[in-house]
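Report on one structure; see the data block that follows.
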There are 2 protein chains.
Amino acid sequence: MQKKYSFCVASGHQQCIDDALNIAQVMCDEEQLRLTPLRKRVLELVWQSHQPMGAYDILAQLTSEEGRPAAPPTVYRALDFLLEHGLIHRIASLNAFIGCAYPQQPHQAQFLICRLCRFARELPHSAIDAAIADEAHKAGFTVEGQVIEVFGLCAPCQAEL
Amino acid sequence: MQKKYSFCVASGHQQCIDDALNIAQVMCDEEQLRLTPLRKRVLELVWQSHQPMGAYDILAQLTSEEGRPAAPPTVYRALDFLLEHGLIHRIASLNAFIGCAYPQQPHQAQFLICRLCRFARELPHSAIDAAIADEAHKAGFTVEGQVIEVFGLCAPCQAEL
DNA sequence: AAAAGTAATGTTATGATATAACAATTCTTT
DNA sequence: AAAGAATTGTTATATCATAACATTACTTTT
């Protein structure tokens, strides 16, 4: 059964997957990048849910649908490609990966992750960026990247308690 | 040779270590916690530098100074104790641990980490917290914890380029 | 002070995540 | 068609972390 997500339940989560794949395809076409069947399939698997997915979960899915078992480098290389071109993000504190909600422009992601349903919501260009830039500036620190992962309870899960 | 850190070079880094151990001792005395020799030694090792340190680095140090080799659970249990009581923090994106600069009051840490010298600077109660609280509130999200790790170049390292 | 109970540590094994190195294949260009 | 480059397959291993149970040490009760 397909898990339902409050924010995509109207159009159906399949729409999220289709959109992500289409955008990725267009982007790769434009930038002369090769969105191979493997890379596309891994991206699709990552998008199967809005919950961060582990590399070995992806591996297991690939193995189950191929005749032969896949090996870790197969998955990690595809993930590296997708990360490098901003199509997915890595959630460091979960050792997991999730589709990028805003692949159009390069950015550092920020997530609100529910500890119950594991839904990971990506915040677009929020005030958090500005606060970080400000703190870094005060310290004379040049920002190159960041890991922002906020854990807690999402609104729907709180309502259920 | 002892690595020098710009912000503690005046008093000497040994002062950082001594302070951290003293504060930990006082806190454990007050709260009836047992800062055993092992836990104290692990805390001291974590404080050997201002760079996040891996569990297996700590393990290697312990092994080299004991007659017998130490096993991973020995270190991880000590780290768990120190984490639980706010004496150290974990840097998720580096799988590493660092002494807490503000163990007096419970808090969620935020770090500026230099990719060259690996110095990890902990920011105390910054505007970043407020921005996160604000964004979370807008999303109806209740914050329970957070991982904030900013990477880039610290001021001294930029000056050297 | 001895016994019982609890907390901490030792020990062995294994789970979970990730990468190195090289071979084979496929795609692209010449 | 051949050469070169990129991708994927394959084997092995590195790295990070915990489960499960035995032993030791500390604390409380009697």
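Order of the sequence lines sets the chain letters (A, B, ...), proteins ahead of strands, with each chain counted from 1. These numbers come from the heavy atoms of this one structure, side chains and all, not from hydrogens, waters or symmetry mates.
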Exercise for the section: Report yes if the ring of Tyr56(A) lies under 5.5 Å from the six-membered base ring of dT17(C) with planes under 30°, and no otherwise. Expected result: yes

Fill in the blank from the handout: To the nearest angstrom, the CG-C1' distance between Asp57(A) and dT17(C) comes to 11 Å

Problem - Shared-cluster residues of Phe141(A), by chain and number - hydrophobic side chains joined below 4.5 Å - result: Leu112(A), Leu123(A), Ile128(A), Ile132(A), Val143(A), Ile148(A), Val150(A), Leu112(B), Leu123(B), Ile128(B), Ile132(B), Phe141(B), Val143(B), Ile148(B), Val150(B)

Exercise for the section: Find which nucleotide of DNA chain D each of Pro73(A) and Phe97(B) is nearest to by heavy atoms, and output the residue with the more 5' nucleotide. Expected result: Pro73(A)

Exercise for the section: Using ring pair (Phe, Tyr, Trp, His ring centres under 6.0 Å) as the criterion, list what pairs up with His107(B), not counting sequence neighbours. Expected result: His89(B)

Exercise for the section: Please identify each residue that fulfils ring pair (Phe, Tyr, Trp, His ring centres under 6.0 Å) with Phe81(A), with sequence neighbours left out. Expected result: His85(A)

Problem - dG10(C) OP1/OP2 closer than 4.0 Å to side-chain N/O of Thr74(B) - result: yes

Exercise for the section: Determine whether more than 12 heavy atoms belonging to other residues, nucleotides or ligands lie under 6.0 Å from atom CZ of Arg41(A). Expected result: yes

Practice task
Grab the CZ-P distance between Arg77(B) and dA8(C) for me, whole Å please.
Solution key: 11 Å

Exercise for the section: On DNA chain D, reading 5' to 3', which nucleotide is the first and which the last to sit with an atom under 4.0 Å from a heavy atom of chain A, could you check? Expected result: dA6(D) to dT11(D)

Fill in the blank from the handout: Taken to the nearest whole Å, CD/Gln32(B) to C1'/dT6(C) is 15 Å

Expected rows: protein N/O vs nucleotides 28-30 of chain C N/O, under 3.5 Å:
none

Practice task
Round to a whole Å and report the spacing from CG of Leu35(B) to P of dA7(C).
Solution key: 18 Å

Handout entry: Separation of atom CG in Leu38(A) from atom C1' in dT26(C), rounded to whole Å
Key = 13 Å

Exercise for the section: Answer yes or no: does atom CZ of Arg118(A) have more than 12 heavy-atom neighbours from other residues, nucleotides or ligands under 6.0 Å? Expected result: no

Exercise for the section: Return the residues of residues 80-95 of chain B meeting this criterion: a heavy atom under 4.0 Å from some atom of DNA chain D. Order them by number, or give none. Expected result: Arg90(B), Asn95(B)

